[in-house]
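Below is one structure, written out as structure tokens; the observations come after it.
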Amino acid sequence: MDGADGAAIATEADGYAQEIAAMLALDHAELRGGLAPPSCPPPRPDAGRRLAALTARVRHDLAVLSYPKDDWVLPRRHPDGHHVYDVAIVGGGQCGMAVAFGLMRDRVTNVVVLDRAPKGREGPWITYSRMWTLRSPKHVTGPDLGIPSLAPRSWFEAVFGEDGWEKLGKWPRQAWQAYLDWYREALALPVRNDAEVTAFEDEAGLVRLAIRGGEPVYARKVVLATGLEGIGDWYVPPFVRDKLPADRWTLATDDVDSLDWKGRRIAVLGAGATAWDRAADLLELGAARLTLYMRRPQILTANPFRYLEKAGFLRHFASMGDADKWRWIQAMFRFGQPPTQDGVDRCAAFDTFRLHAGASFADVALEEGRVRVTGTDGSVDHFDHLFIGCGFSMDPHNRPELAPLADNILTWADVHTPPSGQEDNWLITYPYLDRDLAFVEREPGRTPVLANIHCFNYGATVTNAHSGASLSGIRYGIEPLIHGLTYKLWIEDEPVHYERTRAWAEIDTDPAPLAGRLWRPGD
């Protein structure tokens with residue numbers, strides 16, 4: 001990067017410390033009760049200049065590691081002249097951007113990342129998330145793909161100082177979003193915001209991606225980096241939808257302001273981290289009473305995912321056979337993952353909070369202006385509003401862009417019969433993916449577009465263990481995807497590369513200096 005570029009970055013970042021401080025501020029802080037969030041060190045006053053220097057270092061490091069440096073994927077032409085991307089990535093969060101970076105490092109540069117959200121609001125971090133910090137330990141890496149200057153810690157130390165890193169417990173979610181925003185800019189990733197993909201169709205062997213309100217995008221390959229609900233949708237019990245008006249329930253994952261329910265009696269269904277965090281946020285902003293319904297009889301305490309953050313598991317799960325993959329994943333999900341300590345502590349700080357363990361919703365009804373909830377344990381209570389946080393479906397019929405293909409997506413139920421004791425009615429519905437995370441057709445040839453769509457959202461979990469919805473799995477989970485995409489692109493172009501190699505005639509060594517030095521008889 002030349003001096004002019006560095007000066008431009010420094011000028012743009014002059015107010016960076018103030019920007020980050022404002023980003024870290026808790027909304028409605030003056031109105032909140034309960035516990036205070038963990039302290040985060042303040043940004044350095046010269047954070048902008050320090051970050052400009054780090055950006056220059058990232059670009060220098062990538063230049064140092066630029067071998068092989070030649071683009072090699074041969075351009076494709078659409079019969080009607082439309083531009084054809086080699087890869088289109090749906091989802092511009094941490095994993096979608098990491099996929100783009102991984103491809104560009106392998107000199108697949110004709111890519112585009114499409115995200116339906118406005119710039120800076122990709123993913124959950126500053127939209128629906130109400131947690132204080134990331135669950136992952138602060139040292140977990142991922143999007144950097146092994147480049148130290150691009151690692152989260154490098155950004156944090158540039159902005160908050162090396163001593164700030166030592167004082168940090170876990171990442172504030174807003175700081176993580178700020179890191180991702182910088183990651184995008186430092187790498188100049190080709191992200192298009194406000195671009196919602198609504199359909200995939202095969203067209204002349206290419207994938208046609210329909211864009212709501214815009215021109216279609218054409219690509220040879222597609223990656224779905226669409227997060228937790230990317231193969232289905234957030235789950236709501238059907239009787240809630242059928243029996244209650246839409247204004248009486250809200251998803252815990254909706255981007256809404258908890259202050260709107262101040263003074264109300266609230267029931268939360270679900271005991272995952274998102275449900276606990278939303279419950280805490282509602283209490284802190286004045287909910288009069290809140291009951292959280294938890295199906296399990298007691299809160300989980302141990303988290304096996306912490307044990308599995310080991311290179312052996314992370315790298316080699318995807319190479320195991322189906323029976324062993326199923327055994328591991330089924331055991332992990334049966335064990336479960338506890339809520340965060342922050343979520344529990346925040347709720348426990350309120351006398352108006354009750355944990356209704358061992359019960360889910362069995363039925364709901366409007367009764368004298370309130371919602372009557374009947375629990376699966378026979379209990380009855382009345383609330384002003386419900387929040388639903390009981391996970392997501394793994395049903396592509398619930399995704400408009402996948403629904404036309406859903407019946408022909410191979411699932412684990414189609415290929416694997418779990419042995420006695422390892423049954424799981426939810427995991428068996430996950431898509432059964434190729435080694436490169438491409439979808440597989442139930443009936444070959446009926447929906448050929450599926451072979452060109454790769455799944456790097458939560459639907460990849462049973463096949464790959466690591467998905468595009470898990471920070472701890474990005475580094476290793478992305479390897480079979482990048483390998484598979486680049487292999488397919490290479491094999492499709494290989495005959496042309498072979499003929500070009502056979503016909504290669506570019507001068508590498510000029511024998512002209514030897515013209516007077518050739519041996520002749522009699523020498």
Side-chain angles (χ1 to χ4, degrees), residues 21-40 121 124-135 170 172-175 177 234 236 240 244-294 299 339-357 359-361 364-375 379-390:
M23 196 171 181
L24 290 173
L26 203 60
D27 63 312
H28 309 307
E30 71 286 357
L31 301 176
R32 287 182 180 270
L35 304 178
S39 61
C40 178
R121 298 186 67 81
W125 311 113
I126 60 171
T127 53
Y128 68 77
S129 178
R130 293 298 182 271
M131 60 186 177
W132 280 339
T133 67
L134 272 61
R135 177 194 289 268
K170 291 184 177 180
R173 58 181 172 83
Q174 303 96 323
Q177 180 66 53
W234 301 112
V236 178
V240 172
L244 295 180
D247 62 356
R248 287 308 187 106
W249 62 271
T250 302
L251 285 169
T253 51
D254 281 347
D255 187 8
V256 294
D257 190 339
S258 295
L259 187 62
D260 292 343
W261 286 274
K262 181 178 181 179
R264 312 291 290 278
R265 293 158 59 99
I266 306 295
V268 175
L269 176 62
T274 300
W276 280 91
D277 293 332
R278 174 59 73 176
D281 201 57
L282 287 159
L283 288 162
E284 289 164 2
L285 290 173
R289 188 179 70 129
L290 189 143
T291 300
L292 188 145
Y293 285 74
M294 181 177 75
I299 292 177
T340 64
Q341 189 65 54
D342 281 345
V344 170
D345 290 347
R346 291 168 68 188
C347 290
F350 289 88
D351 293 335
T352 51
F353 173 74
R354 290 293 180 271
L355 174 62
H356 193 146
S360 184
F361 288 2
V364 296
L366 273 181
E367 187 174 272
E368 297 181 358
R370 284 193 163 171
V371 179
R372 183 187 69 200
V373 172
T374 303
S379 62
V380 176
D381 209 341
H382 295 81
F383 302 94
D384 296 312
H385 198 80
L386 309 182
F387 272 82
I388 310 298
C390 49

| message | Walk me through whether V373 and H382 qualify under side chain to side chain contact (heavy atoms under 4.5 Å, CB included). | response | CA-CA 6 Å; V373 172; H382 295 81; over 6 Å; no
| Full working for side chain to side chain contact (heavy atoms under 4.5 Å, CB included) between L386 and Y293 | CA-CA 11 Å; L386 309 182; Y293 285 74; over 6 Å; no
| task | Could you tell me whether D381 and R289 have a side-chain N and a carboxylate O separated by less than 4.0 Å? | result | yes
Donor-acceptor pairs under 3.5 angstrom involving side-chain atoms of residues 126-133: please list them, not counting sequence neighbours.
| unit_1 | atom_1 | unit_2 | atom_2 | d |
| --- | --- | --- | --- | --- |
| T127 | OG1 | G123 | O | 2.8 |
| T127 | OG1 | P124 | O | 3.4 |
| R130 | NE | D281 | OD2 | 3.2 |
| R130 | NH1 | T127 | O | 2.8 |
| R130 | NH1 | Y128 | O | 3.2 |
| R130 | NH2 | V256 | O | 2.4 |

| Atom pair OG (S258) and CG (L282), whose distance is rounded to the nearest 0.5 Å | 4.0 Å
| message | Evaluate T291 against H356 for side chain to side chain contact (heavy atoms under 4.5 Å, CB included), listing each step before the verdict. | response | CA-CA 7 Å; T291 300; H356 193 146; 3.8 Å; yes
| request: Apply the test ring pair (Phe, Tyr, Trp, His ring centres under 6.0 Å) to residues F383 and H385: give CA-CA distance (whole Å), side-chain angles for both, the deciding distance (0.1 Å), then the verdict. | output: CA-CA 6 Å; F383 302 94; H385 198 80; over 10 Å; no
| query | Any side-chain heavy-atom pair from K262 and L31 closer than 4.5 angstrom? | reply | no
| said: Using modelled atom types and a 3.5 Å cut-off, is there a donor and acceptor pairing between side-chain atoms of R248 and backbone atoms of L366? | reply: no
| query | Any side-chain heavy atom of C347 sitting closer than 4.5 Å to one from L292? | reply | no
| Nearest non-hydrogen partners of G270 and A275, listed with the distance | O-CB, 3.3 Å
| request: If the plane angle is over 60° it's perpendicular, under 30° parallel, otherwise tilted; pick one for F353 and W276. | output: tilted
| field | Any side-chain heavy-atom pair of R32 and D27 under 4.5 Å | value | yes
| field | For R372, all residues meeting side-chain hydrogen bond (donor to acceptor under 3.5 Å, both in side chains), sequence neighbours excluded | value | E367
| Do R370 and R265 touch side chain to side chain, with heavy atoms closer than 4.5 Å? | yes
| query | For A349 and L35, which heavy atoms make the closest approach, and how far apart are they? | reply | CB-CG, 3.8 Å
| said: Minimum heavy-atom separation for L134 and K170, please, with both atom names. | reply: O-CD, 3.4 Å
| query | Sequence neighbours excluded, which residues qualify as salt bridge (charged side-chain N to carboxylate O under 4.0 Å, His left out) partners of D342? | reply | none
| request: For the residue pair V371 and L244, establish whether any side-chain heavy-atom pair is separated by less than 4.5 Å. | output: yes
| task | Can you see which heavy atom on C40 is nearest to which on L24, and at what distance? | result | SG-CD1, 4.1 Å
| message | Could you go through D277 and R346, starting from their C-alpha distance and side-chain angles, then the distance that decides it, and tell me whether this counts as side chain to side chain contact (heavy atoms under 4.5 Å, CB included)? | response | CA-CA 8 Å; D277 293 332; R346 291 168 68 188; 4.1 Å; yes
| request: Might you confirm whether atom CD of E368 has over 12 heavy atoms from other residues, nucleotides or ligands at distances under 6.0 Å? | output: no
| query | Are any non-hydrogen side-chain atoms of I266 and W261 less than 4.5 angstrom apart? | reply | yes
| Are D254 and W249 close enough that some pair of their side-chain heavy atoms sits under 4.5 Å apart? | no
| remark: All heavy atoms of T352 vs all of A288, minimum pair found to be CG2-O, 3.2 Å
| Can you tell if the side chain of S360 reaches within under 4.5 Å of the side chain of L269, non-hydrogen atoms only? | yes
